[in-house]
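Only one structure is covered here, and it is reproduced in the block below.
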Amino acid sequence: MSVKYFGQYLIENAVITREQLLEALKIQKSINKKIGLLAIDKSYLNSQQVEHIVSLQKTKNAQFGEIAIELNFLTRDQLTELLSIQHEDRIMLGEALIDIGALTLPKLESALQAYKSEQQVASQDIQKCLHGLKSEYSDFIKQSTQITQNLLLRLCDIQTKISGFSQNPGDIISHESYFLGQLIKGDLSIMVGVALPGHALAQMAKHMMKREFNHVDETVQDVGKEFVNVIVGHMCSYLSNTQKQVDSEPPFCTLFSQYKTPSFVSVEYVVTLLSLNDEIAIYYAIA
Amino acid sequence: MGNLQDLKVLIVDDSITVRELMKQQLIEKGISQLEVAKNGVEAVSQFNHFKPHLVFLDINMPEQNGVEALRQILNLDKTAYVIMLSSLGTKEKVNETLTLGAKSFLMKPVENEHLDRIIKEVCELN
């Protein structure tokens, strides 16, 4: 059982079609205004301030409103007012699906109930897996996973949520997936990797390089290597701030079937991330 | 320097991704005189011929790394405006390159606002 978006749950259980979901998401996007836009409408912020907050948001992993208050761009009262306007005017996915005739209200209610009970079980499973980790490594994995999610959003516009956790990479990662890896060495030895299907890697390259890639060529592989290099760079900075002396080897890109676990490794962990289209795995191998 | 079109920038990184992304960022800002190099040896040679106002130089590269290239570039022109790039932002690396004479140190991927600040500084100097 894994964590998933409500829309995906509805498709997988044949409650709605993919086309209906996309139509409903489009309606949602056109109606639901972000706090930044509402703040511009009310003349509380100008567009430069909004852009500045959005750029900080991608690296700080904090809410838009909290950053705006921290920078003294908004008062707490103004934020409360904006949140209340946002809440009153917004349309939920279920409502949009009813609007386009994809669902009836009774059907939506029963699907929501089934979805919530399934998600509760899935989230308990993940907590159980994280609980077994040593704190030094669990902190690293939590931090690195968060950074990876932030970078996927910031550099590739891929929004993800954690969908699972495993100690058996072979069961989770397809052998045809591309594996982007880089070794951190020094006081801690950790192999950090990101595994994803070739078309997702090509998509990542398309988004970053702003041009089309039809297959995984040398440039696409280089984008992948650079992506893991940035994650590892951030993690080395993080470790360096906790007084750990670390360095890294050059990143590599290979098919997962050709990846050989380094000899120092005693445990492997995989965190799976769910995006709208694909499953992306973050891999950790620890001494 | 009032016109960004007069500004010459050299980007040095072994990753084509970084070279292309930085090129795109700089072109969007109106800078058109751009050259790239993929290792330290090429960087020193390009610096000598192209005579850029600004150099973005990666630290970890094959053949000759950025630290050695920085030394050689500063030997050629001790006023060279070199910004070091790295994805590995440890304090040791930052201090080493700044001590050698690099003007600043940026983590990859480079944020637009950092680029704007540096370009402004270089334009004011020239």
Side-chain angles (χ1 to χ4, degrees), chain A residues 48 51-56 58-59 147 150-151 154-156 180 182-187 192 201 204-211 213 217-253, chain B residues 11-29 34 36-40 42 56-67 83-98 104-118 120:
Chain A
Q48 284 83 10
E51 275 172 30
H52 183 57
I53 297 168
V54 169
S55 71
L56 287 175
K58 288 169 183 170
T59 49
I147 284 173
N150 285 345
L151 289 170
R154 180 180 150 205
L155 301 178
C156 317
L180 321 165
Q182 191 166 10
L183 179 66
I184 295 176
K185 56 189 184 178
D187 290 347
V192 177
L201 182 54
M204 181 190 269
K206 179 186 168 187
H207 192 83
M208 284 172 70
M209 308 292 267
K210 297 184 177 67
R211 60 185 161 97
F213 293 96
D217 62 13
E218 211 178 311
T219 305
V220 173
Q221 292 196 27
D222 189 84
V223 169
K225 286 193 279 187
E226 204 47 43
F227 182 75
V228 76
N229 196 24
V230 172
I231 298 170
V232 164
H234 277 82
M235 289 316 295
C236 286
S237 303
Y238 163 79
L239 291 171
S240 154
N241 289 335
T242 60
Q243 311 308 319
K244 297 265 191 304
Q245 296 286 321
V246 286
D247 205 342
S248 64
E249 289 200 347
F252 60 87
C253 175
Chain B
I11 304 162
V12 188
D13 200 300
D14 58 321
S15 160
I16 185 176
T17 309
V18 176
R19 296 197 302 268
E20 284 203 20
L21 285 179
M22 284 204 72
K23 255 178 99 167
Q24 280 172 20
Q25 280 176 292
L26 293 165
I27 287 169
E28 279 167 16
K29 293 183 189 307
L34 291 161
V36 293
K38 58 180 182 293
N39 59 48
E42 279 187 15
F56 291 102
L57 180 58
D58 183 32
I59 292 183
N60 295 315
M61 291 184 293
E63 292 193 40
Q64 187 188 83
N65 69 33
V67 179
I83 306 293
M84 302 308 286
L85 300 177
S86 179
S87 52
L88 195 70
T90 57
K91 288 171 202 156
E92 295 77 23
K93 295 267 185 200
V94 178
N95 291 339
E96 186 187 359
T97 53
L98 293 182
S104 187
F105 182 98
L106 293 180
M107 287 273 284
K108 291 189 281 184
V110 178
E111 299 273 353
N112 256 321
E113 56 196 75
H114 293 309
L115 269 189
D116 288 339
R117 176 179 54 80
I118 284 162
K120 191 169 167 241

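Proteins come first, then strands; the chains are lettered A, B, ... in the order of their sequence lines, and each starts at number 1.
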TODO: Could you tell me the separation between the CD1 atom of I16(B) and the CD atom of Q221(A), rounded to the nearest 0.5 Å?
DONE: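 Those atoms lie 12.5 Å apart.
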Open item on the list: Show the nearest heavy-atom pair for residues Q24(B) and M209(A), with the distance to one decimal.
Closed with: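 So the two residues come closest at NE2-O, 2.9 Å.
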Task: For L21(B) against M208(A), the heavy-atom pair lying closest together - done: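 Shortest heavy-atom contact: CD2-O, 2.7 Å.
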Open item on the list: Just checking K38(B): does its NZ atom have more than 12 heavy atoms from other residues, nucleotides or ligands closer to it than 6.0 angstrom?
Closed with: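 Atom NZ in K38(B) is not crowded, with 12 or fewer foreign heavy atoms closer than 6.0 Å.
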Task: chain B contact via L155(A) - side chain, backbone, both or neither, heavy atoms under 4.5 Å - done: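 Contact with chain B involves the side chain of L155(A) alone.
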Open item on the list: Using heavy-atom distances under 4.5 Å, tell me whether E218(A) contacts chain B through its side chain, its backbone, both, or neither.
Closed with: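 For E218(A), neither part sits under 4.5 Å from chain B.
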Task: Salt-bridge criterion met for R211(A) and E20(B) (N-O under 4.0 Å) - done: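 Counted as a salt bridge, because a side-chain N and a carboxylate O are separated by less than 4.0 Å.
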Open item on the list: So S237(A) and M107(B), do their side chains get closer than 4.5 Å, heavy atoms only?
Closed with: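 Result yes, sub-4.5 Å side-chain heavy-atom pair found.
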Task: Check: T17(B) main-chain N/O paired with D222(A) side-chain donor or acceptor under 3.5 Å - done: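 Answer holds: yes.
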Task: By side-chain hydrogen bond (donor to acceptor under 3.5 Å, both in side chains) - contacts of K29(B) (at least two apart) - done: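 Counting only residues at least two positions away or on another chain, K29(B) forms a side-chain hydrogen bond (donor to acceptor under 3.5 Å, both in side chains) with N112(B), D116(B).
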